[in-house]
Amino acid sequence: GNSVTQMEGPVTLSEEAFLTINCTYTATGYPSLFWYVQYPGEGLQLLLKATKADDKGSNKGFEATYRKETTSFHLEKGSVQVSDSAVYFCALAGGATNKLIFGTGTLLAVQP
Amino acid sequence: EAQVTQNPRYLITVTGKKLTVTCSQNMNHEYMSWYRQDPGLGLRQIYYSMNVEVTDKGDVPEGYKVSRKEKRNFPLILESPSPNQTSLYFCASSMTGMNTEAFFGQGTRLTVV
């Protein structure tokens with residue numbers, strides 16, 4: 001069945017460092033791919049998405065490219081801030097099940 | 001303001017005592033669902049509803065019930081809670097299915113003792 005695998009955390013970075021959080025997926029067909037972010041004490045919010053191969057989603061300085069050949073959707077940001085500290089979830093949706101399938105989440109801690 | 005509202009935010013209860021977690025959305029979304037979040041497991045879908053009076057099981061439906069009598073409301077019912085249902089629960093809604101942007105409530109932290 002469909003599944004998402006993302007890198008284990010926590011990831012601890014200094015402010016202005018480069019961020020990569022790896023995400024790979026297994027799916028039949030052509031799913032849509034998402035990154036959701038969960039700030040402390042809050043629900044999840046959509047950060048960015050891509051709906052087809054080679055699409056690049058971007059928002060708030062974060063980017064991810066839908067790579068069908070490597071079944072990946074890695075999240076990147078060139079310069080992180082303390083306010084980016086949160087849990088990041090990679091997810092996919094598609095097919096008959098019509099639901100989001102999440103990875104286990106990656107905690108990012110950015111230190112000043 | 002567009003939002004999904006869950007209540008209560010925190011709940012401690014005893015094994016076997018029926019409880020309901022409410023969920024309401026003000027965006028006229030057709031699709032609503034419930035997830036539970038557990039450490040190391042991410043979020044797993046409990047139940048979903050594609051429209052009024054239409055509900056279906058997700059990946060972990062055992063021990064839960066839902067209803068969708070009105071478009072805006074999608075309560076989660078635990079008829080006889082057990083300690084393994086201690087978790088963080090999220091309600092979500094989207095226009096049509098989860099391949100469109102999903103909006104999540106703030107979560108309900110449930111502890112069953």
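Letters A, B, ... are given to chains in the order of the sequence lines, protein chains preceding strands, and every chain is numbered from 1. Treat the numbers as computed from the prediction; the structure is a model and nothing was measured.
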**Message:** Check B:Arg36 with B:Asp38, please: is the shortest side-chain N to carboxylate O separation under 4.0 Å?
**Reply:** yes
**Prompt:** Is chain A contacted by the side chain of B:Gln6, its backbone, both, or neither, given a heavy-atom distance below 4.5 Å?
**Reply:** neither
**Message:** Is B:Leu41 in contact with chain A via its backbone, its side chain, both, or neither, using a 4.5 Å heavy-atom distance?
**Reply:** backbone
**Request:** Just give me the residue among B:Pro39, B:Gly58, B:Gly107, B:Gly42 that pairs up with chain A most often, heavy atom to heavy atom, under 4.5 Å.
**Result:** B:Gly42
**Which portion of B:Arg44 sits near chain A, non-hydrogen atoms under 4.5 angstrom** = neither
**Prompt:** With under 30° as parallel and over 60° as perpendicular, where do the rings of B:His29 and B:Phe103 fit, or are they tilted in between?
**Reply:** tilted
**Request:** For atom CD of A:Glu16, decide whether the heavy atoms of other residues, nucleotides or ligands shown that lie under 6.0 angstrom number more than 12.
**Result:** no
**Message:** So for atom OH, which belongs to A:Tyr30, do other residues, nucleotides or ligands contribute more than 12 heavy atoms lying within a distance under 6.0 Å?
**Reply:** no
**Message:** Between A:Glu8 and chain B, with a heavy-atom cut-off of 4.5 Å, which part of the residue counts as in contact: side chain, backbone, both or neither?
**Reply:** neither
**Request:** Determine, for B:Glu79 against B:Lys65, whether the closest basic-nitrogen to carboxylate-oxygen distance falls under 4.0 angstrom.
**Result:** yes
**Item:** Among the listed options A:Thr104, A:Thr51, A:Leu44, A:Leu46, the residue most often paired with chain B at heavy-atom distances under 4.5 Å
**Value:** A:Leu44
**Prompt:** Side chain, backbone, both or neither: which part of A:Ser32 has an atom under 4.5 Å from a heavy atom of chain B?
**Reply:** side chain
**Carboxylate-amine/guanidinium proximity below 4.0 Å for A:Lys49 and B:Glu101** = no
